[in-house]
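A short worksheet on the structure shown next.
In what follows, chains carry the letters A, B, and so on, assigned in the order in which the sequence lines appear, proteins first and then strands, with residues in each chain numbered from 1. As the structure is a computational prediction, the values presented were derived from the model and not from experiment.
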2 protein chains.
Amino acid sequence: MDASVGARLRMVRERQNLSQRELARRAGVTNATISLIESDRTNPSVGSLKRVLDGIPMGLAEFFALEMPEEGAERVFFPAAELVEIGRGKISYRQVGTDMTRRALQILHERYAPGTDSGKVLLSHEGEEGGVIISGRMEVTVGEQRRILGPGDAYLFDSRIPHRFRNVGDEDCVVVSACTPPSL
Amino acid sequence: MDASVGARLRMVRERQNLSQRELARRAGVTNATISLIESDRTNPSVGSLKRVLDGIPMGLAEFFALEMPEEGAERVFFPAAELVEIGRGKISYRQVGTDMTRRALQILHERYAPGTDSGKVLLSHEGEEGGVIISGRMEVTVGEQRRILGPGDAYLFDSRIPHRFRNVGDEDCVVVSACTPPSL
DNA sequence: TTCAGGCGTTCACGATCCTGAACATGATGC
DNA sequence: GCATCATGTTCAGGATCGTGAACGCCTGAA
């Protein structure tokens with residue numbers, strides 16, 4: 001509860017996948033300021049810290065109320081606000097956690113616009129993947145099998161089997177998917 | 001939610017009935033610092049603000065999460081932490097609210113040590129007063145009436161009638177009392 | 001009245017912050 | 001290889017903060 005301001009800021013910034021410079025640009029401060037604060041080489045004024053947090057955005061109360069994870073403890077919970085949206089337009093997804101290099105499992109909260117197609121060339125790669133349709137309708141092709149899935153339906157298969165996804169409905173299709181090892 | 005740091009600090013300090021100098025002494029800063037912060041003539045560093053709040057004591061998260069009352073709105077709720085203990089030793093009491101000059105009703109959360117006596121000379125003043133015994137035992141004398149009250153018992157009388165309180169038990173006696181107009 | 005003490009405010013100056021520009025490193029592509 | 005880009009870090013200097021000591025005001029006691 002009384003971790004340093006620097007450690008807190010670094011944590012929230014990295015959870016948002018922002019670089020020091022990008023955060024500095026959004027906040028209207030210099031990247032040096034971010035660096036100095038995060039390394040506890042300076043003791044920021046409340047005003048400047050607030051400006052920095054406005055670039056997240058996050059309030060001061062929320063910032064200081066943040067529970068810092070144990071040193072070396074593995075991150076387990078991911079508030080919705082931290083599932084940053086990566087794509088835009090036809091496909092967008094929100095990844096659960098960052099730093100996929102160290103993990104064996106990747107989980108995405110995806111949204112497919114109507115007509116989206118993962119491609120005529122069927123995908124094939126190592127690992128396994130699966131998912132659950134939350135809303136909308138999705139045509140899933142895996143090997144010789146083809147099915148249209150709706151809310152509550154799910155899939156799970158060996159990724160080496162050629163596969164393809166198409167949103168054949170007329171509304172967005174939301175899916176929670178998982179794959180191992182992380183692709184992308 | 002985004003009131004100035006100065007307004008917030010002034011509010012919490014006054015709710016604790018602390019002067020700028022007293023808070024400065026507890027916090028290990030100078031009174032000038034408190035004055036400058038409260039008047040928003042400076043933008044304190046997180047570190048110095050934390051030192052100041054340590055003198056309250058209050059955490060940064062709680063400080064920034066404080067809801068500021070509407071301008072001119074009357075204060076209605078008083079968290080237990082704000083009922084500051086005023087006395088020490090034989091009698092101590094926690095007053096509900098401050099600035100009694102403007103109020104018609106005064107409420108105290110009192111604790112009487114064993115043997116405490118409000119005095120042989122019976123009290124008498126304008127107004128009415130009453131209370132409820134929370135724990136312990138208290139001998140209450142009002143005019144010609146005398147009674148030993150225990151937990152759950154209560155009293156209520158015209159303050160002009162001479163009265164006296166004595167803790168005749170062998171443990172602390174806790175009472176919630178009220179009087180109008182505020183005495184003391 | 002005068003004095004003492006507490007209150008919040010103001011001021012000059014030494015300490016600290018924040019900036020703008022450089023630096024060092026690593027990843028990516030030609 | 002080289003160039004290019006993005007990353008985090010370091011540094012000198014102007015801007016700002018925090019201190020210590022004053023100030024004016026008020027209240028209560030002698």
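When only modelled atom types and interatomic distance are considered, A/Ser4 and A/Asp40 share a side-chain donor-acceptor pair under 3.5 Å.
Nearest heavy atoms, A/Arg8 versus A/Phe64: NH1-O, 3.5 Å.
We find that A/Glu38 and A/Arg13 are joined by a salt bridge, their nearest charged nitrogen and carboxylate oxygen being less than 4.0 Å apart.
Distance, B/Ile37 CD1 to D/dT16 P: 17 Å, rounded to whole Å. Rounded to an integer number of Å, the gap from A/Leu49 CG to C/dC17 C1' is 13 Å. Spacing between atom CG of A/Leu36 and atom C1' of D/dA12 amounts to 13 Å, rounded to whole angstrom units. For the pair A/Glu22 CD and D/dG8 C1', the computed distance is 15 Å after rounding to whole Å. For the pair B/Arg51 CZ and D/dG18 P, the computed distance is 8 Å after rounding to whole Å. The CZ atom of A/Arg10 sits 8 Å away from the P atom of D/dG8 (whole-angstrom rounding). Atom CG in A/Leu23 sits about 17 Å away from atom P in D/dA6, given to the nearest Å. Going from atom CG of B/Asp40 over to atom P of D/dC17 covers 11 Å, rounded to whole Å.
Taking CD1 from A/Ile37 and CG from A/Asn43, the interatomic distance works out to 9.5 Å, rounded to the nearest 0.5 Å. From B/Leu53, atom CG reaches atom CG of B/Leu9 across 6.5 Å, with rounding to the nearest 0.5 Å.
Across all strands, A/Ser45 comes closer than 4.0 Å only to sugar-phosphate atoms, never to a base (heavy-atom distances). Base contact: B/Ser35 has a heavy atom under 4.0 Å from a base atom. Residue contacts shown for A/Ser48 are limited to sugar-phosphate atoms, with no base heavy atom under 4.0 Å away. Across all strands, A/Thr42 comes closer than 4.0 Å only to sugar-phosphate atoms, never to a base (heavy-atom distances).
Between B/Val46 and A/Arg13, it is A/Arg13 whose nearest contact on DNA chain D lies nearer the 5' terminus.
OP1 and OP2 of D/dA6 both lie 4.0 Å or more from every side-chain N or O belonging to A/Arg25. Residue A/Thr33 places no side-chain N or O under 4.0 Å from the OP1 or OP2 atom of C/dC18. Note on B/Ser19: every side-chain N or O is 4.0 Å or more away from OP1 and OP2 of C/dG6.
Taking only side-chain atoms of B/Arg21, from C-beta outward, the nucleotide of C/dT9, C/dT19, D/dG18 with the closest atom is C/dT9.
For C/dT9, its base sits under 3.5 Å from the side chain of B/Asn31 at one donor and acceptor pair at least.
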